[in-house]
There are 2 protein chains.
Amino acid sequence: MKASTDQVLKQSRVQRLEQTPTSELPRPSRNARGESPCAACPVRDMNVCGALTDTDLATMNAISTDKTFERDQTLIWEGEAAGEFFIVSEGVAKVFKLLPDGRRQITGFLYPSDIVGLASNERYAYTAQALTPMRVCRFPRSKVLELFDEMPVLCRKVCCVASNELAAAQDQMVLLGRKNAAERLASFLLLLLRRKHLRGEEGQAIDTPMTRAEIADHLGLTTETVSRTVTQFRKLGHIELDGPHHILVRDEPALADLAAFDDPDGLPHTASF
Amino acid sequence: MKASTDQVLKQSRVQRLEQTPTSELPRPSRNARGESPCAACPVRDMNVCGALTDTDLATMNAISTDKTFERDQTLIWEGEAAGEFFIVSEGVAKVFKLLPDGRRQITGFLYPSDIVGLASNERYAYTAQALTPMRVCRFPRSKVLELFDEMPVLCRKVCCVASNELAAAQDQMVLLGRKNAAERLASFLLLLLRRKHLRGEEGQAIDTPMTRAEIADHLGLTTETVSRTVTQFRKLGHIELDGPHHILVRDEPALADLAAFDDPDGLPHTASF
DNA sequence: CGGGGGATTGATGGGAATCAAGCGGCGTGG
DNA sequence: CCACGCCGCTTGATTCCCATCAATCCCCCG
């Protein structure tokens, strides 16, 4: 029980107070609050099917603003009024929910072209924090909803995204409900590797900006178990380590075997609305 | 490990062969394959925001057919070509994914007005089987996608549904990743109770058409643990049993305490696109 | 050099899985 | 009508995987 660090909770609460969007990444023409028109927001790269026209992109860009976050800064807070969507341009974020006693479940990690703020009602259903320095495109929720009417293709895209996330969530449920520690870690590493390849990057090296504790909170384990299982994989020759945040996959088939993916090619999914 | 019954797998494989839509529920004007125009399909009741006009409903009805399933019959198979959506009119279904060795994770249970076939690519991402006799509305996927263009509100509805399901999936991840057996069962019972109330039904009695094994496969536990925990709740006076499939919630606050819902009112969510 | 946070490794314990036995309702068939 | 057998549920005994507790290491940074 009581698996995750209370200090996450405390740390978060503190940050909530000093949540000022200080940004460091060099960026032209930014206003006092670190915002600028979203010059090159990657709407067109959203990991969904279909394509938006240039006109559509221009319309999207017109309502979006660029924003940057430092490591550990919070993009959105669970429970707060859901006023904005984000699309990740650069960097990695974690998305999580907390139980009242501080236990944490990280429901996913967000990479460029992923969307933040979807599964939300009037209020955000989860918290999202930067794992690395990030740049995101920000869209006022109200304006996006207006756009749905005049740009139906946008709604279809959101359908696709939500549908894909749903499929991923279901895979994660299988992982959390029915896999053991080794299978969980193997699944996770393979997923990171395949997402990297989907982004067009080559090689068997994955860098994991997340800490062992964050991996643990994603896989329903503890830091110690994650660490032990990583060591075990290393000794078996499945992986090689270059510091705790750089993992080289040496024996992908062995991991795939362990991961027990239904689909031999594994995830992720791509919907087709 | 190896938590779920292999016989589920075997049983399923067998059924796959004799999948004939025999239907028993009385229903007018049905063709040879047990189909009939979906006279009263509950599109308007889809558990989503917004409302369709009468014209929209007529259009939807025009492309839908009514279909019935017996207990244990399969609506859709994971991996098969995804040609149809369904909306549940009557009855309850389970939705699950299998690991190669037969372990099963039930990702959810479907009640009237829930949608089947959403989180799918060209192929269904999961299997859905009837827990009780069911009646569903069936929509050809291709026609629905066409309708998206001429009836944008439909796409928004699907967005809502997907978004709600995503939120529910994230709650389930918290449950599977970070809650113990008692907390899982309490969460589950409360969810059933609250969904019942959302459907407009009164009272603290929930009937659970699912077996202990199915509950276990939904909560990431075993039948034995589910049974033990139910007994424990009964002895504590939190619930009362009238046969294994009728549970009376006596002390809802106690269960809510155990469940560790973030939101005191608990789930489910309703999105607002 | 000292301090701190994350990672690793070891020792121990506990909660749920596993193994096993018995109960009880229901449908079938004699 | 009743006996049998099956299946699902319950309960008990034991095992085991992972959480917990604890110590040490490592690396970065002041």
Side-chain angles (χ1 to χ4, degrees), chain A residues 1-8 10-11 14 71-72 94 99 101-105 131-132 175-185 207-235 239 241-247 258, chain B residues 1-8 10-11 71-72 94 101-105 131 175-186 207-235 239 241-247 258:
Chain A
M1 232 20 36
K2 202 67 168 60
S4 54
T5 49
D6 298 53
Q7 93 204 45
V8 170
K10 291 181 206 143
Q11 172 203 345
V14 169
R71 151 113 207 166
D72 286 335
K94 64 187 173 203
L99 290 178
D101 63 358
R103 279 176 284 172
R104 178 178 66 169
Q105 179 65 37
L131 282 183
T132 68
L175 182 149
L176 293 171
R178 288 297 175 223
K179 290 185 181 178
N180 65 23
E183 291 168 335
R184 293 181 196 201
L185 185 68
D207 51 356
T208 57
M210 57 292 282
T211 64
R212 295 286 185 265
E214 286 161 341
I215 296 174
D217 279 347
H218 181 50
L219 301 182
L221 301 170
T222 59
T223 27
E224 293 94 330
T225 299
V226 170
S227 185
R228 271 186 254 272
T229 311
V230 167
T231 303
Q232 178 192 332
F233 283 1
R234 189 172 49 71
K235 288 181 178 168
I239 60 173
L241 291 186
D242 177 24
H245 298 286
H246 294 275
I247 300 178
L258 268 172
Chain B
M1 227 31 28
K2 203 66 169 55
S4 54
T5 50
D6 297 53
Q7 91 203 48
V8 170
K10 291 180 208 145
Q11 171 201 347
R71 150 111 207 170
D72 286 335
K94 64 186 174 206
D101 64 359
R103 279 175 284 172
R104 178 178 67 169
Q105 179 65 36
L131 282 184
L175 181 149
L176 292 171
R178 288 298 176 223
K179 290 185 181 178
N180 65 22
E183 292 168 334
R184 292 181 196 201
L185 185 66
D207 52 356
T208 56
M210 57 291 282
T211 65
R212 295 287 185 266
E214 285 162 342
I215 296 174
D217 280 347
H218 181 49
L219 301 181
L221 301 170
T222 59
T223 24
E224 293 94 330
T225 299
V226 170
S227 184
R228 272 186 254 272
T229 311
V230 167
T231 302
Q232 181 192 328
F233 283 2
R234 188 172 49 71
K235 288 182 177 167
I239 61 174
L241 290 187
D242 176 25
H245 297 287
H246 294 274
I247 299 177
L258 268 173

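Numbers restart at 1 for each chain; the letters A, B, ... are given by sequence-line order, proteins then strands.
- Annotation: side chain of B:H246 is in contact with side chain of B:D207 (closest heavy-atom distance under 4.5 Å).
- Side-chain proximity of B:T225 to C:dA17, D:dT10, C:dA7: nearest is C:dA17.
- Closest to the B:E224 side chain, of the nucleotides D:dC9, D:dG12, D:dC21, is D:dG12.
- Straight-line distance from the CZ atom of A:R103 to the C1' atom of D:dA19: 13 Å, rounded to whole Å.
- Atom CZ of B:R178 is separated from atom P of C:dA16 by 14 Å (rounded to the nearest Å).
- Whole-Å rounding puts the B:R234 CZ to D:dT10 P distance at 8 Å.
- Across the protein-nucleic acid pair, A:L241 atom CG and D:dC27 atom P stand 13 Å apart, rounded to whole Å.
- Side-chain proximity of B:T231 to the nucleotides C:dT8, C:dA16, D:dT10 is greatest for D:dT10.
- Which of C:dT9, D:dC18, D:dA19 sits closest to the side chain of A:T222 comes down to D:dA19.
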Give the C-alpha distance, both sets of side-chain angles, the deciding distance and a yes or no for side-chain contact (heavy atoms from CB on, under 4.5 Å) between A:E214 and A:R104. CA-CA 9 Å; A:E214 286 161 341; A:R104 178 178 66 169; 3.7 Å; yes
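- Which of D:dC9, C:dT8, D:dC18 sits closest to the side chain of A:R212 comes down to C:dT8.
- Rounded to an integer number of Å, the gap from A:Q232 CD to C:dA7 C1' is 17 Å.
- Counting only heavy atoms from C-beta outward, the side chains of A:D217 and A:Q105 never approach each other to under 4.5 Å.
- In this entry the distance linking CG of A:L176 with C1' of D:dC17 reads 16 Å, nearest Å.
- Distance check: B:I247 CD1 to B:L185 CG gives 7.0 Å after rounding to the nearest 0.5 Å.
- Residue B:L219 contributes atom CG, which lies 15 Å from atom C1' of C:dA17 at whole-angstrom precision.
- Contact annotation for B:S227: base contact, defined as any heavy-atom pair under 4.0 Å involving a base atom.
- A donor and an acceptor atom sit less than 3.5 Å apart, one in the side chain of A:R228 and one in the base of C:dG10.
- In this structure, B:H245 does not reach the D:dG8 phosphate: none of its side-chain N or O atoms is under 4.0 Å from OP1 or OP2.
- One atom, CD of A:E214, and another, C1' of C:dA7, lie 13 Å apart when rounded to the nearest Å.
- The structure places CD1 of A:I215 at 6.0 Å from CE of A:M210, a figure rounded to the nearest 0.5 Å.
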